[in-house]
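Below: the structure, in structure tokens.
Just so we're clear, the structure is a prediction, and the values are computed from it rather than from any experiment. These numbers come from the heavy atoms of this one structure, side chains and all, not from hydrogens, waters or symmetry mates.
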Amino acid sequence: MGLDKSAEERLAKIDAQIVKIAKDIKVLSRLSWPSECQSIFLERWHRQDPWLPEISYQGESLAGSARALEDIATALDPNDPLEAFLRATALSYMEVCRLLDCAGTQQASDISCSLYGRPGDSLSGGRVHNIDAARHFLDVSAQYHAQAALRESDFCLPASFVQQEMTRRIREVIDGHDVAVVVDANLVSKAAAGATRVRLRAGTCFSEYDLEQLLQHEVFVHSLTALNGREQRLLRCLGLGAPRTTGAQEGLATFAELVTGAIDIARMERIALRIMAVDMALGGADFIDVFRFFLETAQTELESFNSAMRVFRGMPLTGGAAFTKDTVYLHSLMEVHTFFRWALAHQRLELCRHFFSGRMTIGDTLRLEPYFCDGTLSEPRYLPTWMTRTNGLAGYLAFSVFANQIRIEELGEGHRFDELEEVGI
């Protein structure tokens, strides 16, 4: 199926145009809040004088970039898999240009919902939606903490130790690129990661779960797929974080936490709470309401501010609007988990390897498969350790496929569970 030289040159030129435009479209940095907002808000909160932050989003208009991306998309064939990928990428960035240009308005919330979805969206077209999933994990978390929580060693790992340990383990997997881990005294959030740099907030305690989650989620999925995409000979757009790939990326990264045992009940609780908070904001809750909601869930004031800020970045703070990116985690985890199980059941685990070749959707992986097979697209240069040990992955997936067919009440000795319930155990 290999492309002829003229076709490759045309696609490479279009690909380069998209990469050049996209590199100047920075979503989270453009929507970030001044660091002093946090201290002002908390100071006034302590004085029982709640303050609704006043955020101004400034920056050059991206209307020109949006028009250029639209022109590129118009010239591409949606029926050709390679051109369709480039077209969808261009249109995705065009939408984000529109969001950034109207940051702070209700229209930005509408575009966010179009890009990332809403909390009430169903999981993979089924009858269960994100809110149902969030409530389930919150119920399980509450029951666990109330009745069954086991005491685990709660070491306080300083940022300097986490920095050293992460650096060592990153080099074991990503040996041809430099992914720097730095300690940042001015970082507002606990940690932040990009394709080639991970920042850790100085003077902060990290747990062993924090360390493992940062590695598996941020580095060995987000950074790794970005670097693999940049290594592509033809479609370097695979190295971009286009909004259309956000769901698949977060689903894969959270699946990585799950399959490596890095995820814990507190992590699931945080994801669920963010979905509930986004739903509150869309329903009319303002920033102070959402801050109070997180505070009542036993988050610290600092954590509660940062959590509420995630919900309202780029949006009006008065209610009825939200940055909905956090709604993608649970339903995308379900979709990625199902994709991996499907690949095992159909003896197609090579598709899961292709999924790491860049940042793409599950649909992209399926449509682009012939181009990986004929060498037009490159296999991933880097893979996380758990993906190289496919015997272990296959064992996990095989058990998951079978276990999902069994309901607890249908177990051979299911009546014993009923007896335990009757006596309050």
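A side-chain donor-acceptor contact under 3.5 Å links Gln299 and Ser307.
Within a 6.0 Å sphere centred on CZ of Arg171, other residues, nucleotides and ligands contribute 12 heavy atoms or fewer. The 12-atom threshold is not exceeded at CZ of Arg118, counting heavy atoms of other residues, nucleotides or ligands nearer than 6.0 Å. Sparse packing is recorded around CD of Glu54, with 12 or fewer heavy atoms of other residues, nucleotides or ligands lying under 6.0 Å away. The 12-atom threshold is not exceeded at CZ of Arg353, counting heavy atoms of other residues, nucleotides or ligands nearer than 6.0 Å. Within a 6.0 Å radius of CZ in Arg44, other residues, nucleotides and ligands contribute more than 12 heavy atoms.
Of the possible polar contacts, one joining the Thr225 side chain to the Val221 backbone as a donor-acceptor pair under 3.5 Å is found. Under a 3.5 Å cut-off, the side chain of Ser223 and the backbone N or O of Gly194 do form a donor-acceptor pair. Put simply, the side chain of His337 never gets that close to the backbone of Leu333: no donor and acceptor are under 3.5 Å apart. A side-chain donor-acceptor contact under 3.5 Å links Gln232 to the backbone of Ser357. Put simply, the side chain of Lys190 gets close to the backbone of Cys205: a donor and an acceptor are under 3.5 Å apart. The closest donor-acceptor contact from the side chain of Glu257 to the backbone of Ala262 lies at 3.5 Å or more, if one exists at all. Side-chain atoms of Ser141 never come within 3.5 Å of backbone atoms of Phe137 as a donor-acceptor pair (strictly under, hydrogens ignored). Under a 3.5 Å cut-off, the side chain of Arg359 and the backbone N or O of His222 do form a donor-acceptor pair. Of the possible donor and acceptor atoms, one in the side chain of Thr254 sits under 3.5 Å from a partner among the backbone N and O of Glu250. Side chain of Thr365 to main chain of Thr361: a donor-acceptor pair is present (N/O by atom type, distance under 3.5 Å, no hydrogens or angles).
In this structure, the ring of Tyr396 has its center no less than 6.0 angstrom from the ring center of Phe340.
Considering only heavy atoms from C-beta on, Phe355 comes within 4.5 Å of Leu252 through its side chain. For the pair Thr246/Val27, no side-chain contact is recorded, criterion being any heavy-atom separation below 4.5 Å from C-beta on. Looking at Asp132 and His136, their side chains never come closer than 4.5 Å, going by heavy atoms from C-beta outward. By the 4.5 Å heavy-atom criterion applied to side chains, Arg313 and Arg310 are counted as neighbours. Taking 4.5 Å as the limit, every side-chain heavy atom of Tyr371 sits out of range of all side-chain heavy atoms of Leu235. A 4.5 Å side-chain heavy-atom check between His354 and Glu379 finds at least one atom pair inside the cut-off.
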Side-chain donor-acceptor pairs under 3.5 Å in residues 172-183, sequence neighbours left out?
unit_1	atom_1	unit_2	atom_2	d
Glu172	OE2	Arg168	NH1	2.9
His177	ND1	Tyr382	OH	2.8
His177	NE2	Glu231	OE2	3.2

Per-pair distances, 0.1 Å, donor-acceptor, side chain in residues 271-296, under 3.5 Å, sequence neighbours excluded:
unit_1	atom_1	unit_2	atom_2	d
Asp286	OD1	Ile288	N	3.1
Asp286	OD1	Asp289	N	2.8
Asp289	OD2	Asp286	N	3.1

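Rounding to the nearest 0.5 Å places CE of Met268 at 10.0 Å from CG of Leu138.
Not counting sequence neighbours, Cys37 has no partner by the disulfide (SG to SG under 2.5 Å) test. With sequence neighbours excluded, no residue satisfies side chain to side chain contact (heavy atoms under 4.5 Å, CB included) with Ala142. Qualifying side chain to side chain contact (heavy atoms under 4.5 Å, CB included) partners for Pro384, counting only residues two or more places apart in sequence or in other chains: Phe220, Leu224, Phe356, Trp386, Met387. With sequence neighbours excluded, the residues that form a salt bridge (Lys or Arg N to Asp or Glu O under 4.0 Å) with Arg367 are Asp364.
Tested against Leu200 for a side-chain contact (heavy atoms from CB on, under 4.5 Å), the candidates Leu211, Asp210, Asp184, Leu214 yield a single pass: Leu214.
Between Asp101 and Arg30 there is a salt bridge, since a side-chain N of the basic residue sits under 4.0 Å from a carboxylate O of the acidic one. The pair Arg169-Glu212 meets the salt-bridge criterion, since a charged nitrogen lies less than 4.0 angstrom from a carboxylate oxygen.
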